[in-house]
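One structure below.
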Protein chains: 2
Amino acid sequence: MRRIAPGRDELIAAIAEVFRAHGYAGASLSLITETTGLGKGSLYNFFPGGKDEMAAAVLAHIDRWFEDAVFSPLREVESPQEGIARMLAATDAYFHSGRRVCLVGAFALDDARDRFAAEIRSYFGRWVADLAGALRRAGLEAADAGRLAEESVAGIQGALTLARAFDDPAVFSRAMANIRERLDVGRA
Amino acid sequence: MRRIAPGRDELIAAIAEVFRAHGYAGASLSLITETTGLGKGSLYNFFPGGKDEMAAAVLAHIDRWFEDAVFSPLREVESPQEGIARMLAATDAYFHSGRRVCLVGAFALDDARDRFAAEIRSYFGRWVADLAGALRRAGLEAADAGRLAEESVAGIQGALTLARAFDDPAVFSRAMANIRERLDVGRA
DNA sequence: GTGTATTTGTACCAATCGGTACAATGGAGT
DNA sequence: ACTCCATTGTACCGATTGGTACAAATACAC
């Protein structure tokens, strides 16, 4: 039969949730088959490389989403302030206002880091660089822009960790409000 | 034979490094026996509860260390500024200036969170509460103190994540310098 | 309706998982 | 010197791991 499984995007999204909830090592194939409803046959048909390829596909999927919704507005919207506002809104939406955790950040901490070092570095690297770029366009000096950008991305990651530790999304919302304020440079 | 293995503290420290590097699920018993040099016999002699008890012991060990070196100075040193300075110094030392990752933060993200929810919550909760207390003693309003404390702890966690993602401890050092500045309230 | 290439379920694989059992070991207390 | 008993290594357990093989099923092109 052809084309019975959900679209590839939905499939990857479902797999992503398993990795998000259990980490790379903890995301067993049985958990994945259970969550997706697909047997190993289908899974290995779509991802011949196995678990590794699934995780890579998930990371690529996330990367694409962030590129479109979070990073590119920072570069391409004329008003840097507007670009930053869009980035913050998309970030808040993506993490379900703190109820969801950052897969890339989680991978950065466990032993998936070595396997996907390049992807992880690129994800955070572009986030920081594009935000710094917007801040520079808003009038900040390069050094200040870089520092503030790094600090903001770190603040978001840390807030996700704390929100999950406390099981309280409000921690994330407070952090986002705070970051929004500190990024509100050069006129409103 | 009696007392051949290293002291319990050193043993726990060695196990901690395995959990730190591989997460809960990724820290296999074979990895632990390999790292510690102890066979399963010894391991299960010291930790009859198995992996779960090892992780609990590691968390308790970390908790004790932070209580002594990081949290208690915030409460007990007369000068809150001095307490904060000690907390920052101890934190920087513990994380090897960004070369080491926070086990509790890592556990908060993967599926160990549910198992150790109480310990994780308590660890971060006391950190934030004690820092907020010191800031209040330094003259800040309760609301401001709470916000700044939460923000600082989140900043530290996020910086650890970024430092690991970039494989660049300098990210952590920059974040610490920044946090030190922002916590320098009420006189110097 | 037939052919075909893709999709799928099932059975199977060796390796490893966390954990248990237990006999051998040998240091400490006397 | 002798007796304990904490400590240790080894063998073993069933379950699960990630992964493979392959035949049955089936949607689509024709």
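So you know, we letter chains A, B, ... as the sequences are listed, proteins then strands, and number each from 1.
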Nearest 0.5 angstrom please: [X] [atom1] to [Y] [atom2], how far?
X: D114(A); Y: D167(B); atom1: CG; atom2: CG; result: 8.5 Å
X: R121(A); Y: D168(B); atom1: CZ; atom2: CG; result: 8.5 Å
X: Y123(A); Y: E67(A); atom1: OH; atom2: CD; result: 11.5 Å

Once you round it to whole Å, what is the distance between [atom2] of [N] and [atom1] of [X]?
X: D52(A); N: dG19(D); atom1: CG; atom2: P; value: 8 Å
X: K40(B); N: dA24(C); atom1: NZ; atom2: P; value: 21 Å
X: Y44(B); N: dC22(C); atom1: OH; atom2: C1'; value: 16 Å
X: Y24(A); N: dT17(D); atom1: OH; atom2: P; value: 14 Å
X: K51(A); N: dT17(D); atom1: NZ; atom2: P; value: 9 Å

For this session: Could you check G41(A) against L31(A) and say which one's nearest nucleotide on DNA chain D is further toward the 5' end?
Result: L31(A)
Exercise. Heavy atoms under 4.0 Å, any strand shown: does A27(A) hit a base, just sugar-phosphate, or nothing?
Worked result: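 Answer is sugar-phosphate: A27(A) comes under 4.0 Å of backbone atoms only.
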For this session: Could you work out which one of dT20(C), dG18(D), dT8(C) sits closest to the side chain of F46(A)?
Result: dT8(C)
Problem set entry | Listed nucleotide nearest any side-chain atom of L29(B), set dG19(C), dG9(D), dG18(D) | dG19(C)
Exercise. Does a nitrogen or oxygen in the side chain of N45(B) sit under 4.0 Å from OP1 or OP2 of dT7(D)?
Worked result: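 Result: yes.
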For this session: Taking only the side-chain nitrogens and oxygens of S28(B), find out if one of them lies under 4.0 Å from OP1 or OP2 of dC17(C).
Result: yes
Exercise. Any donor-acceptor pair under 3.5 Å linking the side chain of R137(B) with the backbone of L74(B)?
Worked result: yes
